Amino acid sequence: MAEIARDMLISHDTSETRVGVLEDGRLVEFYLERAKRSVVGNVYLASVRDVLPGMQAAFVDVGLEKNAFLYVDEVVSTDGVTDVPRREISQLLKPGQQIMVQVLKDPMGTKGARVTTEVTLPGRFLVLMPFSDFIGISRKLPEVERERLHGIVTAAAPPGVGMIVRTAAAGASDKDLLADLDFLQRLWKRVTHQASEALAPEVIYTEMDLALRFVRDVFGDDFRRLLIDDRPTFDKVVAFLKKTSPHLVRRVTLYKEHPSLFEHFGADAEIATVLERTVRLPSGGYIGIDQTEALTAVDVNTGSFTGRTSLEATILRTNLEAAEEVVRQLRLRDIGGIIVIDFIDMEDPAHRVQVEHRLNQALDRDRTKTRASEISRLGLVEMTRKNVTDGLYEVLTEPCPVCKGQGRVLSESTRRIMVERRMREVLLAGRSAAYLFGLAPETYAIVNQPGRNILAALRAETRKQVAIVADQDCGPAEVRVLIEGKAGSIERALR
């Protein structure tokens, strides 16, 4: 398989910071940070509010809008995790107790943040685990390199402190690793000192901003270049890399051209597609993506693609294209949780194997942890993807005030019938001889369509004077009584 060309884009202005990852020129990951930053990775001194034995969990106040959720398996002592048959949350935590926690997942919808007491501090090459003695090495590294790094880290690890060696440590010298370890130890010392001085709820460690966090966690030798369109951000990134990975500085470029950075690489057009339900495939087929609170359903269709040889060949090509595009969309939209992919049914088991292989190849490029089942005889794949943030769709959109987030609005016929019924109820119940109703402009146009004669029917039925006007303040099916009075009062008001 040909090597993939990777590029990273960082754009910053007064409103937001945007980070994009390109693979072979196509946007596959996109993240943005506005005034309301992600709190994942932040460490807080929290106060335990409620302990729920029935859920084996507790709610803790970290100073955010909603209390954070702490499950029993995420509670560790400063002496490390002990092996006991059953750990009771009521024995570990008490209301009013102050504890140090770190955010695992941002608040999502009606749910508060997910937190753990097993604090970890990430560096460029290492992740420090103060409450563990586990030494781990990234499985993405070659075996020989893993053994080399394991020897260095094991010899340098302080007693009772665990570490994970990151993929970025490939080729790092002893000096680089020890410098990163020294930095993380000093950082942990500051965090613990801050916790001893703080009063819950209070933040005691804040994660890096989006640009630096992405450079630290993602940017490495597998990227051709990093382009940044903001001078202060560029200087900040270069200064960070000079301390951690000097050989990568030459791959960082300050972008000063026109058009804008994201427009130049076609990323703006790709970002616009995340708001669309359907995504077209090269052959003419398409995938449909429907997100609900519990899961995401992805449907694969041949669309306008009819193929040239056979139905099975047409289905196979569509499914192969869909396998790659589905994963790209999951990464681009940062969709997490339960995902069900409905591929087109394939009679030939060999074709199912091909599609499954293509799907797994695409998932191997996803940094987020995923698990996928085999393709069933009906073409279904069930998978999970770690859910950390709300996802790009939730960040870029808000519920529609008309449909209340359902994605559908009342039909013209429904609106016409509803407002007609409402006006009839008002006319029959009221004592006045004349009424002026206000309707939403779109509904007003529907009621006034030629051949409807709604007003004439209402006048004949109720023997009252009736008139309607367009009212911008009305909802789609709302009826407002603007004027009611004696006969002739409506005509005088409309003059």
Side-chain angles (χ1 to χ4, degrees), residues 1-6 21-30 136-143 145-146 164 166-168 170 217-218 220-223 270 273-274 279-283 285-291 295-302 305 312-388 391-392:
M1 189 173 180
E3 186 176 349
I4 296 172
R6 289 185 172 89
V21 174
L22 306 179
E23 290 182 354
D24 291 335
R26 297 198 71 190
L27 188 69
V28 295
E29 292 184 39
F30 175 71
I137 313 292
S138 170
R139 294 188 178 276
K140 294 184 179 180
L141 296 171
E143 189 61 31
E145 181 66 358
R146 294 180 77 234
I164 295 176
R166 313 183 72 163
T167 308
D217 296 345
V218 181
D221 291 322
D222 56 335
F223 280 84
E270 294 281 1
T273 65
V274 305
V279 180
R280 294 291 170 184
L281 300 174
S283 64
Y286 68 91
I287 60 174
I289 303 174
D290 294 293
Q291 292 182 248
L295 58 84
T296 298
V298 183
D299 186 36
V300 181
N301 293 278
T302 54
F305 180 48
E312 274 294 303
T314 301
I315 291 173
L316 176 61
R317 180 176 173 183
T318 302
N319 282 340
L320 288 172
E321 291 179 352
E324 289 197 5
E325 186 60 33
V326 166
V327 176
R328 190 178 81 92
Q329 290 297 325
L330 295 180
R331 297 171 65 190
L332 181 59
R333 302 178 187 222
D334 196 21
I335 295 174
I338 301 172
I339 300 156
V340 178
I341 309 171
D342 183 11
F343 288 104
I344 306 170
D345 292 357
M346 294 169 283
E347 295 294 333
D348 190 340
H351 289 178
R352 291 199 293 270
V353 172
Q354 288 184 56
V355 174
E356 189 174 312
H357 178 66
R358 184 71 62 87
L359 179 67
N360 289 327
Q361 280 186 322
L363 287 174
D364 286 341
R365 300 195 295 271
D366 188 2
R367 294 184 302 109
T368 302
K369 184 177 180 180
T370 59
R371 291 181 180 178
S373 67
E374 295 182 352
I375 299 180
S376 72
R377 290 181 59 85
L378 297 177
L380 293 177
V381 171
E382 298 176 6
M383 62 178 291
T384 58
R385 189 172 187 270
K386 188 176 180 181
N387 201 343
V388 177
L392 190 57

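Keep in mind it's a predicted model, so treat the numbers as computed, not measured.
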Under a 3.5 Å distance rule, please check whether [X] uses its side chain to pair with a backbone N or O of [Y] as donor and acceptor.
X	Y	value
D24	A5	yes
R146	S138	yes
R333	V274	yes
D334	L392	no

Practice item. Please name the residue in the list I339, V298, T296 that meets the side chain to side chain contact (heavy atoms under 4.5 Å, CB included) test with Q291. Key: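 For Q291, the side chain to side chain contact (heavy atoms under 4.5 Å, CB included) test succeeds with only one of I339, V298, T296, which is T296.
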Got [X] and [Y] here, is their nearest side-chain heavy-atom distance under 4.5 Å?
X	Y	value
R280	E325	no
N319	H351	no
R166	D217	yes

Looking only at heavy atoms, which two atoms of [X] and [Y] are closest? And how far apart?
X	Y	result
S373	V381	O-CG1, 3.7 Å
R367	K140	CA-NZ, 4.5 Å
D222	R6	O-CB, 3.6 Å
N301	T318	O-CG2, 3.6 Å
L359	A323	CD1-O, 3.7 Å
I341	V326	CD1-CG1, 3.7 Å

Are [X] and [Y] ion-paired here, with the side-chain N under 4.0 Å from a carboxylate O?
X	Y	answer
R385	D366	yes
R365	E29	no
E23	R331	yes

Practice item. Answer yes or no: does atom CD1 of I338 have more than 12 heavy-atom neighbours from other residues, nucleotides or ligands under 6.0 Å? Key: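 Atom CD1 in I338 is not crowded, with 12 or fewer foreign heavy atoms closer than 6.0 Å.
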Review point. More than 12 non-hydrogen atoms from neighbouring residues, nucleotides or ligands closer than 6.0 Å to CD on E382, yes or no?
Key: no
Atom [atom1] in [X], atom [atom2] in [Y]: separation rounded to 0.5 Å?
X	Y	atom1	atom2	result
L320	I315	CG	CD1	12.0 Å
Q354	D348	CD	CG	8.0 Å
L281	R317	CG	CZ	10.0 Å
L378	F343	CG	CZ	14.0 Å
I335	I289	CD1	CD1	5.5 Å
D342	D299	CG	CG	5.0 Å

Point to revise | Worked verdict on L332 versus L27 for side chain to side chain contact (heavy atoms under 4.5 Å, CB included) | key: CA-CA 7 Å; L332 181 59; L27 188 69; 3.6 Å; yes
